[in-house]
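Working notes for the structure below.
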Amino acid sequence: MDLLHHMLAPVREARSLRYFEQAGSANDLAVAWIREGAPAGAVVLTDTQTSGHGRLGREWFAPAGTALLFSYILYLPAELAAQSTMLGALVVAELCETLGIPGVGIKYPNDVQIGARKVCGVLPEAVALPEHMGIALGIGLNVRVNFAGTPLQNTAISLEHALGRPLNRAELLDTLTRQLDHWREHIPEGGVYRAWHSRLNMLGQTVSIDTGGERLQGIAESVRDDGALMLRLPGGEVRIVTAGDLVVARAG
Ligand code: BTN
């Protein structure tokens with residue numbers, strides 16, 4: 001077993017944890033565990049993934065030993081399920097702030113950024129159950145992925161590179177999962193939405209968004225609690241955009 005495995009005792013004390021040195025996808029394993037009746041707060045952690053998924057059908061890969069790749073299980077009423085993405089991005093942004101990293105923000109819909117570089121992606125995958133939704137909240141956090149010389153070198157960053165010192169991934173996981181336990185209780189009263197919205201870094205800016213068939217450009221005015229973006233088009237009309245890939249065009 002590897003180094004990460006030996007440091008997980010504090011996480012195991014607080015929750016059910018399934019750890020794999022290598023897996024296809026932590027989210028896939030968490031979805032299967034939800035179907036078996038996983039408890040809320042359970043976590044699937046893997047050191048590397050062979051078929052990790054990102055948003056919009058993209059792949060998500062990190063070499064062994066370089067990232068935190070996990071899926072946190074929670075249960076929400078269907079009408080609040082969209083806020084699971086907010087929950088994931090919020091706890092990672094908060095972690096970065098607590099570490100003292102400057103320039104932390106959230107780019108709609110699910111990227112945590114340091115400056116304009118992505119440090120983390122969040123991907124919830126939902127299972128419809130009779131009473132509510134089971135959610136495998138996938139989090140991929142770059143801890144010491146080296147992007148130098150790769151196509152991502154100007155758009156991605158790792159925590160250790162931003163901070164200039166080594167970090168312990170098991171401790172980061174313990175902090176993140178405890179904060180997920182804490183904040184998930186605040187979803188129904190809007191606390192997660194407000195804390196997430198206050199960290200959005202593209203509001204008031206001119207953005208362009210590919211909604212899958214149509215590319216819209218306008219000013220990002222706000223994001224509703226159901227996750228829909230309010231985009232003011234050049235003619236003044238406000239369009240409600242529910243999905244897409246957003247690029248910040250220029251400061252507004
Ligand atoms: C994104 O595209 O930004 C979302 C990336 C989410 C990656 C994480 S890694 C753990 C979990 N398992 C997966 O297959 N994907 C998520």
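Along the sequence shown, residues carry numbers from 1.
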Test of understanding: with ring pair (Phe, Tyr, Trp, His ring centres under 6.0 Å), list the residues that count as partners of His197, not counting sequence neighbours. Tyr193
Between the main-chain N or O of Ala170 and the side-chain N or O of Asn168, is there a donor-acceptor pair closer than 3.5 Å? yes
Kindly write out the residues that satisfy salt bridge (charged side-chain N to carboxylate O under 4.0 Å, His left out) with Arg117, not counting sequence neighbours, or none if the list is empty. none
Taking only distance into account, with no hydrogens and no angle test, what donor-acceptor pairs under 3.5 Å do side-chain atoms of residues 229-237 form with protein atoms, sequence neighbours excluded?
unit_1, atom_1, unit_2, atom_2, d
Arg232, NE, Glu221, OE2, 2.6
Arg232, NH1, Gly236, O, 2.6
Arg232, NH2, Glu221, OE1, 3.4

Sorted by chain and residue number, the side chain to side chain contact (heavy atoms under 4.5 Å, CB included) partners of Pro188 (sequence neighbours excluded) come out as Leu80
Which residues satisfy the side chain to side chain contact (heavy atoms under 4.5 Å, CB included) test with Ser158, sequence neighbours excluded? Asn142, Val145, Phe147, His161
Kindly write out the residues that satisfy salt bridge (charged side-chain N to carboxylate O under 4.0 Å, His left out) with Glu160, not counting sequence neighbours, or none if the list is empty. Arg144
For Glu13, the side chain to side chain contact (heavy atoms under 4.5 Å, CB included) test, sequence neighbours excluded, returns none
Can you list the residues that meet the ring pair (Phe, Tyr, Trp, His ring centres under 6.0 Å) rule with Tyr75, with sequence neighbours excluded? His132
Those residues that, when tested against Glu189, pass salt bridge (charged side-chain N to carboxylate O under 4.0 Å, His left out) (two or more places apart): Arg194
Please identify each residue that fulfils ring pair (Phe, Tyr, Trp, His ring centres under 6.0 Å) with His182, with sequence neighbours left out. His186
Set of residues satisfying salt bridge (charged side-chain N to carboxylate O under 4.0 Å, His left out) with respect to Glu171, sequence neighbours excluded: none
Could you see if Val92 belongs to whatever hydrophobic cluster contains Leu123? Use Ile, Leu, Val, Met, Phe, Trp, Tyr and a side-chain cutoff under 4.5 Å. no
Name all pairs fulfilling the side chain to side chain donor-acceptor pair (under 3.5 Å) condition that reach into residues 95-107, sequence neighbours left out, sorted by first residue then second. Glu97-Arg199
